[in-house]
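For reference, the structure is listed below as structure tokens.
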Amino acid sequence: MVGGLLLACVVATANFCSADAADDPRSATRARLERIQSLRKERSGDGVLVLYEAITRIELGEREAAFALLRTLQGRKLGLVPARDAGFEAMWDDPEFQKIREKLVQEESRTPDAPVAFRLADPKLIPEGIAYDPKQDRFLIGSVAQKKIVSANRKGEVKDFSGPKDKLDCVLGLFVDSAQEQLYAVSTNGFLDEAQKQRRNAVVRYDLKTGLFVNRYDAPDANQLNDLTIAADGTIYATDSAGGTLFRKTPAEKTLTPFGAKGALPGANGITLGTDGKLYVAISTGIAKIDLSTGAPTRLSQPFTVVTGGCDGLYWHRGDLVGIQNVTNPGRIIRIVLADQGTRISGITVLQSHHHPEFAEPTTGAVADDALYVIANAYVGHFQPNGSIKDPGQLKPTAIIAVPLKSLP
């Protein structure tokens with residue numbers, strides 16, 4: 001797990017284990033392995049399951065078995081490239097592992113590097129979420145380490161948006177409701193050590209015109225909220241990554257409660273609503289569509305030549321989805337082509353490959369001016385469960401890159 005944050009949020013394998021095995025780490029890992037192997041029998045050509053099994057076997061100390069699995073991915077050109085903090089830390093300096101990984105790296109074609117739109121000067125911000133306010137032409141960015149929200153213009157000039165009196169925890173997903181001029185943000189301490197004594201998860205709301213804090217909607221049953229989206233009627237949908245559960249709050253309700261079965265969305269992370277009203281959630285193995293009457297998820301079918309698992313940010317754009325992967329790949333931006341009225345995935349297009357020189361744990365983005373403005377180097381893996389920052393001298397100012405979407409139909 002990346003510093004107790006990124007993969008606590010999105011790594012798929014963490015959610016394959018059963019609740020009964022959670023008290024015994026090794027038993028939990030074995031249970032996870034059995035679950036992955038069961039899924040592989042159902043989807044024998046699914047490369048992402050091979051990657052997850054390799055991660056699990058590394059955790060169990062089964063080096064050769066893990067390497068054998070990774071070798072089966074060579075030649076398939078799936079864009080599956082082991083990332084250091086996505087479960088491969090223990091093997092990272094192994095020459096044989098690096099040899100296998102290099103072959104997978106070479107198979108992924110390099111795209112042109114998207115331009116840097118602006119930079120944020122403070123390298124210790126550790127931003128995770130970003131949203132765009134079109135009426136004031138500004139970006140709202142949430143800080144994990146500093147537990148606040150800042151606003152930034154296109155020159156990278158930053159000022160605090162939230163204040164200490166708002167009592168925010170680590171800020172993750174952000175969503176701008178431009179029609180109502182409201183900002184919604186996830187506030188959580190779910191991945192911090194302090195959560196063992198008191199766990200806090202909430203969605204907070206601000207008035208964009210005044211900048212004032214409006215309300216706080218708690219999610220008392222959540223483990224660790226992550227991302228969110230808002231429906232036209234004001235209904236809030238939020239993912240609980242640690243619990244693999246979707247949460248919802250209708251306008252008539254005061255708190256967020258589970259929507260659908262608990263644990264039904266392993267690795268739940270990015271979430272988006274299409275203009276057609278369909279709700280999509282990024283899960284460990286792909287993309288799920290949510291039944292808005294029951295909360296039941298259906299994983300979208302896709303060819304075995306396609307990998308959509310491990311998306312952090314997920315966005316609707318002109319009838320398709322755009323995802324930011326940072327688990328199954330060190331970082332890439334993909335267009336996910338929907339078919340049959342959004343009920344299956346027909347293919348993907350890589351918009352930005354992992355080769356971008358600014359990439360260091362990219363997390364989320366915001367659509368503006370036919371581009372996806374992506375936090376390229378979030379460094380969330382440096383943020384520790386005790387609230388400290390590991391190796392702060394290695395951090396560089398945050399780069400926001402603008403990945404072009406204009407060429408998409």
Handout entry: salt bridge (charged side-chain N to carboxylate O under 4.0 Å, His left out) contacts in which one or both residues fall within residues 230-244, not counting sequence neighbours
Key = none

Exercise for the section: Name all residues meeting the ring pair (Phe, Tyr, Trp, His ring centres under 6.0 Å) criterion together with Y373; count only those two or more places apart in sequence or in a different chain, and write none if there are none. Expected result: F139

Practice task
Scan R30, R32, R26 and name whichever one has a salt bridge (charged side-chain N to carboxylate O under 4.0 Å, His left out) with E59.
Solution key: R32

Problem - Carboxylate-amine/guanidinium proximity below 4.0 Å for K135 and D133 - result: no

Practice task
Sort and list the pairs that fulfil salt bridge (charged side-chain N to carboxylate O under 4.0 Å, His left out) and have at least one residue in residues 253-277, not counting sequence neighbours.
Solution key: D276-K278

Exercise for the section: Output yes when a side-chain donor or acceptor of N326 lies under 3.5 Å from a complementary backbone atom of P362, and no otherwise. Expected result: yes

Handout entry: Flag side-chain contact, heavy atom, 4.5 Å: L228 against I230
Key = yes

Handout entry: Heavy-atom pair with the smallest gap, counting every atom of P123 and L395
Key = O-CD1, 3.3 Å

Exercise for the section: Please check if any side-chain donor atom of D169 sits under 3.5 Å from a side-chain acceptor atom of T188, or the reverse. Expected result: no

Handout entry: Rounded distance (nearest 0.5 Å) linking atom CD1 of I271 with atom CD1 of I283
Key = 12.0 Å

Practice task
Spell out, as yes or no, whether a donor-acceptor pair under 3.5 Å connects the side chain of E358 to the backbone of V116.
Solution key: no

Practice task
Quick one: list whatever passes ring pair (Phe, Tyr, Trp, His ring centres under 6.0 Å) with F359, sequence neighbours left out.
Solution key: H356

Completion exercise
Smallest heavy-atom separation, P82 atom then L51 atom, equals CG-CD1, 4.5 Å

Problem - Short side-chain to backbone donor-acceptor contact, N329 and G331, under 3.5 Å - result: yes

Handout entry: Atom pair CG/CD of N189 and Q196 - distance to nearest 0.5 Å
Key = 10.5 Å

Handout entry: Contact check, side chains of F191 and L172, non-hydrogen atoms, under 4.5 Å
Key = yes

Completion exercise
Nearest heavy-atom contact between L208 and Q136 is O-NE2, 3.0 Å

Handout entry: N377 side-chain N/O to P397 backbone N/O, donor-acceptor pair under 3.5 Å
Key = yes

Handout entry: Partner set under side-chain contact (heavy atoms from CB on, under 4.5 Å) for A185, not counting sequence neighbours
Key = I149, V171, L174, V204

Exercise for the section: Take T111 and Q352 through the side chain to side chain donor-acceptor pair (under 3.5 Å) test and state the conclusion after the steps. Expected result: CA-CA 6 Å; T111 62; Q352 178 61 64; 3.3 Å; yes

Problem - Beyond-backbone contact of R101 with L70, side-chain heavy atoms, under 4.5 angstrom - result: no

Handout entry: Pairwise distance CD1(I126) to OG1(T363) - rounded to 0.5 angstrom
Key = 10.5 Å

Practice task
Sequence neighbours left out, what passes side-chain contact (heavy atoms from CB on, under 4.5 Å) with P357? Give chain and number order.
Solution key: R110, D113

Practice task
Apply salt bridge (charged side-chain N to carboxylate O under 4.0 Å, His left out) to R76 and list each qualifying residue two or more places apart in sequence or on a separate chain.
Solution key: none

Handout entry: Heavy-atom check, side chain of Q325 versus side chain of D312, under 4.5 Å
Key = no

Practice task
Mark yes or no for whether D221, through its side chain, and T257, through its backbone, hold a donor-acceptor pair below 3.5 Å.
Solution key: no

Practice task
Give the intermediate values and the outcome of side chain to side chain contact (heavy atoms under 4.5 Å, CB included) for residues R332 and E108.
Solution key: CA-CA 11 Å; R332 71 173 184 170; E108 186 173 20; 3.4 Å; yes

Practice task
Heavy atoms only: give me the nearest T245-P258 pair and the separation to one decimal.
Solution key: CG2-CB, 4.1 Å

Handout entry: Side-chain touch L338/I345, heavy atoms, less than 4.5 angstrom
Key = yes

Handout entry: Spatial distance of atom SG (C311) from atom CG (L321) [nearest 0.5 Å]
Key = 9.0 Å

Practice task
State, with a plain yes or no, whether a side-chain heavy atom of L300 is found less than 4.5 Å away from one of Q302.
Solution key: no

Exercise for the section: Please report the C-alpha distance between V186 and E128 in whole Å, then the side-chain angles of each, then the deciding distance to 0.1 Å, and finally whether the side chain to side chain contact (heavy atoms under 4.5 Å, CB included) criterion is met. Expected result: CA-CA 11 Å; V186 166; E128 201 278 343; over 6 Å; no

Exercise for the section: State, yes or no, whether a side-chain contact exists between V203 and K249 at a heavy-atom distance under 4.5 Å. Expected result: no

Handout entry: Donor-acceptor contact below 3.5 Å, side chain S143 vs main chain K148
Key = no

Exercise for the section: Would you confirm whether R119, through its side chain, and G156, through its main-chain N or O, come within 3.5 Å as a donor-acceptor pair? Expected result: no

Handout entry: N/O donor-acceptor pair under 3.5 Å between H382 side chain and K390 backbone
Key = yes

Handout entry: Pair Y315-I333, side chain to side chain contact (heavy atoms under 4.5 Å, CB included): steps then yes or no
Key = CA-CA 11 Å; Y315 313 94; I333 317 301; over 6 Å; no

Fill in the blank from the handout: Looking only at heavy atoms, the pair that brings T328 and G309 closest together is OG1-O, 3.2 Å

Exercise for the section: Using the salt bridge (charged side-chain N to carboxylate O under 4.0 Å, His left out) rule, collect all pairs that involve residues 281-303, keeping only residues at least two apart or in two chains. Expected result: D46-R299

Completion exercise
Rounding to 0.5 Å, atoms CG (D218) and CG (L256) come to a distance of 8.5 Å

Exercise for the section: Show your working on side chain to side chain contact (heavy atoms under 4.5 Å, CB included) between R43 and F304 and close with a plain yes or no. Expected result: CA-CA 9 Å; R43 303 197 298 269; F304 288 139; 3.9 Å; yes

Handout entry: S38 side chain vs E34 backbone, donor-acceptor pair below 3.5 Å
Key = no

Exercise for the section: Could you pull out the closest heavy-atom pair between A222 and R199, with the gap in Å? Expected result: O-CD, 3.4 Å

Practice task
Could you tell me whether Q180 atom CD has more than 12 heavy atoms of other residues or ligands within 6.0 Å of it?
Solution key: no

Fill in the blank from the handout: So side chain to side chain donor-acceptor pair (under 3.5 Å) across residues 391-401, not counting sequence neighbours, yields none

Exercise for the section: Report, as yes or no, whether the 6.0 Å neighbourhood of atom CD on Q341 holds more than 12 heavy atoms from other residues, nucleotides or ligands. Expected result: no

Practice task
Provide the full list of ring-ring contact (aromatic ring centres under 6.0 Å, His included) pairs with a residue in residues 207-266, sequence neighbours left out, each pair given once.
Solution key: Y206-F213

Handout entry: Residues forming a ring pair (Phe, Tyr, Trp, His ring centres under 6.0 Å) with F88, sequence neighbours excluded
Key = F97

Exercise for the section: Could you list the residues that satisfy salt bridge (charged side-chain N to carboxylate O under 4.0 Å, His left out) with R57, not counting sequence neighbours? Expected result: E53, E62

Practice task
Look up atom OG1 in T275 and atom CZ in R318, then write down how far apart they are to the nearest 0.5 Å.
Solution key: 12.0 Å

Exercise for the section: State, with a plain yes or no, whether a side-chain heavy atom of V281 is found less than 4.5 Å away from one of L314. Expected result: no

Exercise for the section: Ignoring hydrogens and angles, tell me if any N or O in the side chain of D166 forms a donor-acceptor pair with the backbone of G163 under 3.5 Å. Expected result: yes

